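If you're wondering where the values come from, they're calculated on a predicted model, not measured in any experiment. One-based numbering along the sequence shown. Counting starts at 1 for both ligands and their atoms, in listed order.
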Amino acid sequence: MWGGRFGKGPAPEAEDFTRSIHIDARLWEQDIAGSLAHIRMLAARGVVSPQEANQIVQGLLDLKRAIETGKVMIDPSVEDIHTFIETKLREKVGPVAGKLHTARSRNDQVVTDLRLWTRDALQDVQLSLHMLQQTLIDLAEEHLQTLMPGLTHQQHAQPVTLAHHLMAYFWMLERDHERLSQSHHRMNLSPLGAGALAGTSIPIDPIITASELQFNDVIPNSMDAVSDRDFVAETLFVYALMMTHLSRLAQELILWSAPEYGFVELDDSYTTGSSLMPQKKNPDVMELIRGRSARAIGNLTAMLTTLKGLTLTYHRDLQDDKTILFETHDFMLPALNLTNSVLSSAVWNTERMRQAVIGDYSTATELANYLVTKGVPFREAHKLTGQIVLSCVQQGKPLEALTVEELSAYHKTIGEDVLQALQPEHAVASSLSQTGTAPLVVQAQIELARETLKNHRRLGG
Ligand code: ARG
């Protein structure tokens, strides 16, 4: 393909080291699509004759079918997928195949292929994400009244509901959904026509190829077009953040399914046993999601590190963008789908969750708020409540066990109605501020979330 200037071929070990077909073989469809658009554009501009273009188009379509049906197998000894497709095309249509690469370089070709691939990948990821968001909403709706401890510093802070907790993840994932759309929009531009780096003297029309491939526009600068991998870095960032969100949820499910918590039982089909301890039921799927988030972050770091020292324009370093992008994508999709399945099949022990907020002093804030409603300044209310808690802790009894008489000794404004302030159900139901944990408010949040889901649009291209 580039042998003219060379006295001899590459050393086998150099060839092995530089080969990428084992990674980029999965771009074969995009490569053919890009070539089809390119040859049609060359014909439209009169650079090749209609007959020549026809032969090449037919050859490419035949090749596509042959690969699809397994009649042609991708040869792992070739340098890369672009070389493979062109070689096969030449076998089919003869020397006219040599016209396909007019006004094109593998530099604009590979990045076109990868943009096309990533565009589709983002669609798949977004769909799985959407489905997981749907599950979170459905689950939240079922658990509007399910009490559980709300934590800060891993300590019981205030009671919340499982619905509220799950909806927090919904909104994290909604931002991820938005980021996927924005990344898709930013990357949906065509590099074709950039050539190796400088454009071409051949009278091409990059708008034609761009619109044939359903890109929104052409990248305005050919040097940027061949050296830019922002779209890979950005995708890896969105993936890394999404994996981070899934990892936090995984960590919670791992804890919640431990006997000390006992909040949830994960379904047998998403857990594994131990080869030694017969009683074990391990949350391996969740652990691997947590574990792979590390690789997602590592792969993002690898991409940024690759880019940071590269002068313009193309360098072979860029070839390895695909290794890390494909690797991350290949666990991103199952991580989303499995989180969805694990959540949908989990059984929640709502009584156990409720028990966890009984006697844990987490209604102390409500007691202080009660005093505030009686006109006591919050700082004073806070101090008084702290004293009440301390005395309870010393006597080893829960707040709920206090009588009105005991409580009113602390402040003359305390009356009968104080008792309900000590009930976690009451604390939750009265957290009615717009974003709070009261079922009434979370219900409205769920409706907003449903509306948001309805407005999700499938990505184009
Ligand atoms: N396999 C290469 C890659 O993935 C294709 C581009 C090769 N270009 C070059 N000038 N050697 O980046």
Side-chain angles (χ1 to χ4, degrees), residues 1-6 8-35 37-38 67 74-90 97-98 100-121 187 189-200 209 213 219 221-236 299 302-330:
M1 193 152 155
W2 36 260
R5 184 241 178 269
F6 286 77
K8 56 181 177 186
E13 65 274 24
E15 232 184 339
D16 282 347
F17 192 68
T18 53
R19 184 179 291 123
S20 61
I21 195 147
H22 57 293
I23 302 289
D24 59 34
R26 66 197 277 180
L27 294 177
W28 71 269
E29 256 186 295
Q30 288 79 9
D31 199 72
I32 291 178
S35 289
H38 184 66
I67 298 177
I74 293 174
D75 174 2
S77 68
V78 175
E79 182 184 332
D80 61 21
I81 191 64
H82 326 293
T83 316
F84 174 76
I85 302 276
E86 198 179 321
T87 309
K88 282 288 153 191
L89 181 69
R90 190 181 306 269
L100 172 61
H101 213 53
T102 311
R104 188 177 72 169
S105 154
R106 275 186 299 164
N107 297 353
D108 56 349
Q109 187 178 359
V110 67
V111 74
T112 301
D113 294 0
L114 193 57
R115 278 176 188 262
L116 291 172
W117 183 89
T118 311
R119 200 168 72 175
D120 289 350
M187 59 151 288
L189 297 175
S190 178
L192 270 182
L197 78 158
T200 175
T209 31
L213 293 169
I219 297 174
N221 182 311
S222 62
M223 295 178 76
D224 183 32
V226 293
S227 55
D228 169 41
R229 292 297 183 279
D230 287 6
F231 72 99
V232 179
E234 195 172 329
T235 301
L236 287 171
N299 287 345
M303 186 72 250
L304 293 173
T305 314
T306 302
L307 290 174
K308 81 176 183 64
L310 284 191
T311 59
L312 300 185
T313 54
Y314 178 84
H315 301 270
R316 195 63 177 268
D317 315 41
L318 294 174
Q319 174 169 288
D320 286 349
D321 58 354
K322 290 171 281 300
T323 316
I324 53 184
L325 178 61
F326 294 164
E327 191 209 30
T328 314
H329 178 78
D330 289 345

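- Ring pair Trp117/His329: centre-to-centre distance below 6.0 Å.
- Residues His315 and Thr311 bring a donor and an acceptor atom of their side chains to less than 3.5 Å of each other.
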(message) Go through it in stages, so that I can follow the logic: the residues are Gln109 and Arg106, the test is side chain to side chain donor-acceptor pair (under 3.5 Å), and I'd like the CA-CA distance, side-chain angles, deciding distance and then a yes or no.
(response) CA-CA 5 Å; Gln109 187 178 359; Arg106 275 186 299 164; over 6 Å; no

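- A donor-acceptor pair shorter than 3.5 Å can be found between the side chains of Arg104 and Ser35.
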(request) Run the numbers on Thr306 and Asp317 for side chain to side chain donor-acceptor pair (under 3.5 Å), then give the verdict. (result) CA-CA 7 Å; Thr306 302; Asp317 315 41; over 6 Å; no

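- Between the side chains of Thr328 and Asn299, at least one donor-acceptor pair of N or O atoms lies under 3.5 Å.
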Tabulate distances under 3.5 Å between N/O atoms of ligand 1 and N/O atoms of the protein, writing both atom names on each line.
residue  : atom   : partner : partner atom : Å
ligand 1 : 1 (N)  : Ser20   : OG           : 3.4
ligand 1 : 1 (N)  : Asp80   : OD2          : 3.0
ligand 1 : 1 (N)  : Gln319  : OE1          : 2.8
ligand 1 : 4 (O)  : Lys322  : NZ           : 2.9
ligand 1 : 8 (N)  : Asn107  : OD1          : 3.0
ligand 1 : 10 (N) : Asn107  : OD1          : 3.2
ligand 1 : 12 (O) : Tyr314  : OH           : 2.5

